[in-house]
2 protein chains.
Amino acid sequence: MRLTAKSEYGVLAAIDLACNYGAGPVSAREIAERRGIPPRFLEQLFVALRRAELVSAVRGAKGGFVLTRDPNEVTVLDVVEALEGPLASSVCDQTREETCGKSATCAAAPVWAKATSALRDVFASTSLASLAGTQDTFDKRQSALDR
Amino acid sequence: MRLTAKSEYGVLAAIDLACNYGAGPVSAREIAERRGIPPRFLEQLFVALRRAELVSAVRGAKGGFVLTRDPNEVTVLDVVEALEGPLASSVCDQTREETCGKSATCAAAPVWAKATSALRDVFASTSLASLAGTQDTFDKRQSALDR
DNA sequence: TTCAATCACTACCTATTCAGTCGTGATTTT
DNA sequence: AAAATCACGACTGAATAGGTAGTGATTGAA
């Protein structure tokens with residue numbers, strides 16, 4: 001429920017990789033410049049994305065990062081959870097047991113649960129491919145690969 | 001997009017008022033005790049709720065707060081926005097103009113917008129009455145008033 | 001009329017988190 | 001060997017979260 005700059009930058013970076021999917025590794029420095037992301041900060045995000053096995057790293061000169069899966073198969077939820085941890089409601093996290101009347105659970109819990117669920121649905125149903133810039137640009141790269 | 005303890009406590013307090021709707025003012029102290037909310041903190045939340053005209057205050061002994069509208073007509077969105085400010089995406093807030101390819105807008109913007117919208121829908125469609133404890137408890141109070 | 005209960009307002013405080021930066025090392029290509 | 005790149009951990013300044021404290025204003029009840 002807490003979205004920070006990690007998600008913003010991380011999703012942007014992931015979209016960039018989606019745009020370049022199949023065209024070899026893209027360096028963090030390149031993405032940082034293109035997207036206006038602080039380079040040393042982005043570096044850390046890629047460490048998290050690699051540990052979540054969303055990207056794989058290629059070290060050395062001409063190295064960089066590549067998506068480990070097709071951009072259609074990677075969702076924003078994957079990226080966000082890799083960077084921010086599990087997407088849970090930031091409130092009413094089972095530490096609170098007060099009730100309205102006699103109910104055994106927090107009276108507000110249903111709405112927080114619905115909120116988390118709605119957010120999760122949006123993120124889980126949005127692939128990197130669907131965000132990857134003008135779709136034709138993406139398609140053009142794809143068709144170039146097919147040849 | 002940022003939900004803090006203010007929302008958690010504020011919605012709980014609002015539910016409490018919903019449970020007691022029509023039965024005169026309920027003091028902040030009483031709600032704080034019943035719901036396990038730090039009293040001085042809750043006091044501040046009520047200031048915000050009053051300024052948003054969601055509740056009205058009754059000063060002096062036997063005073064407290066009452067909902068200004070029927071619990072069916074007050075939504076969680078009302079309460080959350082009164083306490084946290086307008087519900088907007090915490091990321092991609094129009095300060096960022098980078099693009100994927102040649103698009104004029106941030107490539108990730110659509111998903112953040114959808115997320116905000118989804119959250120808003122959930123909160124706007126949840127009334128205090130629907131959360132107010134066991135609905136029968138609430139109904140009982142209501143029918144008692146009708147007599 | 002006094003007193004206690006209650007809301008009103010402002011200021012203040014402490015710990016955590018955010019949003020990075022920095023230094024250094026490891027790996028690979030050229 | 002040199003340059004480019006990723007890897008890892010420590011560090012930091014600013015903001016925010018989550019309260020607390022002091023004081024004052026208003027009102028009902030004794």
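Each chain gets a letter, A, B and so on, in the order the sequences are listed, and its residues count up from 1.
- Follow the hydrophobic side-chain contacts under 4.5 Å out from B:Val58 and you never reach B:Leu49; the two are in separate clusters.
- Between the C1' atom of D:dC8 and the CZ atom of A:Phe41 lies a distance of 16 Å, rounded to the nearest Å.
- Residue A:Glu33 contributes atom CD, which lies 13 Å from atom C1' of D:dT5 at whole-angstrom precision.
- Rounded to an integer number of Å, the gap from CD1 of A:Ile37 to C1' of C:dC18 is 16 Å.
- Nucleotide D:dT27 holds its P atom 7 Å from the CZ atom of B:Arg59, rounded to whole Å.
- A salt bridge links B:Arg120 with B:Glu81: the distance from a Lys NZ or Arg NE/NH1/NH2 to an Asp or Glu carboxylate oxygen falls below 4.0 Å.
- Between B:Tyr9 and the phosphate of D:dG19, there is a side-chain N or O to OP1/OP2 separation shorter than 4.0 Å.
- Here the nucleotide nearest the side chain of A:Val47, chosen from D:dA7, D:dA10, D:dG22, is D:dA7.
- No side-chain heavy atom of A:Val122 sits under 4.5 Å from any side-chain heavy atom of A:Leu77.
- No contact: B:Phe46 has no heavy atom under 4.0 Å from any strand.
- Rounding to whole angstrom units, CG of residue A:Leu42 and P of D:dA7 are separated by 12 Å.
- When the nucleotides C:dT29, D:dC6, C:dA8 are ranked by their closest atom to the side chain of A:Ala28, D:dC6 comes out on top.
- Of the candidates C:dC9, D:dG28, D:dA17, the closest approach to any side-chain atom of B:Thr4 belongs to D:dA17.
- Taking the side chain as every heavy atom from C-beta outward, B:Leu67 and B:Leu54 never approach each other to under 4.5 Å.
- Which of C:dC9, D:dA7, C:dT30 sits closest to the side chain of B:Arg50 comes down to C:dC9.
- A:Glu30 meets the salt bridge (Lys or Arg N to Asp or Glu O under 4.0 Å) test with A:Arg34; sequence neighbours excluded.
- If you check D:dA7, D:dG28, C:dG20 against the side chain of B:Ala61, the one that comes closest is D:dG28.
- If you check distances only, the side chain of A:Gln44 does reach the base of C:dT21 with a donor-acceptor pair under 3.5 Å.
- Among the nucleotides C:dT6, C:dC18, C:dA8, the one closest to the side chain of A:Arg2 is C:dC18.
- The CG-C1' distance, from B:Leu45 to C:dC9, rounds to 15 Å in whole Å.
- Counting only N and O atoms by type, the side chains of A:Glu53 and A:Thr68 include no donor and acceptor under 3.5 Å apart.
- Put simply, CD on B:Glu30 is 12 Å from C1' on C:dT6, counting in whole angstrom units.
- A sub-4.0 Å separation between OP1 or OP2 of C:dC9 and a side-chain N or O of B:Arg51 is present.
- Mapped onto DNA chain D by nearest heavy atom, A:Gly63 and A:Arg40 fall at different nucleotides, with A:Gly63 at the one closer to the 5' end.
- Comparing atom distances between the A:Pro38 side chain and each of C:dT21, C:dT30, D:dA7 picks out C:dT21 as nearest.
- Within the 4.0 Å cut-off from OP1 or OP2 of D:dT5, at least one side-chain nitrogen or oxygen of A:Arg29 is found.
- Between the side chain of A:Glu43 and the base of D:dC8 there is at least one donor-acceptor pair of N/O atoms closer than 3.5 Å.
- Comparing B:Ser27 and A:Ala5 by the nucleotide of DNA chain C that holds the closest heavy atom to each, the one mapping nearer the 5' end is B:Ser27.
- The interatomic distance linking B:Leu83 (CG) with D:dA17 (C1') rounds to 14 Å, in whole Å.
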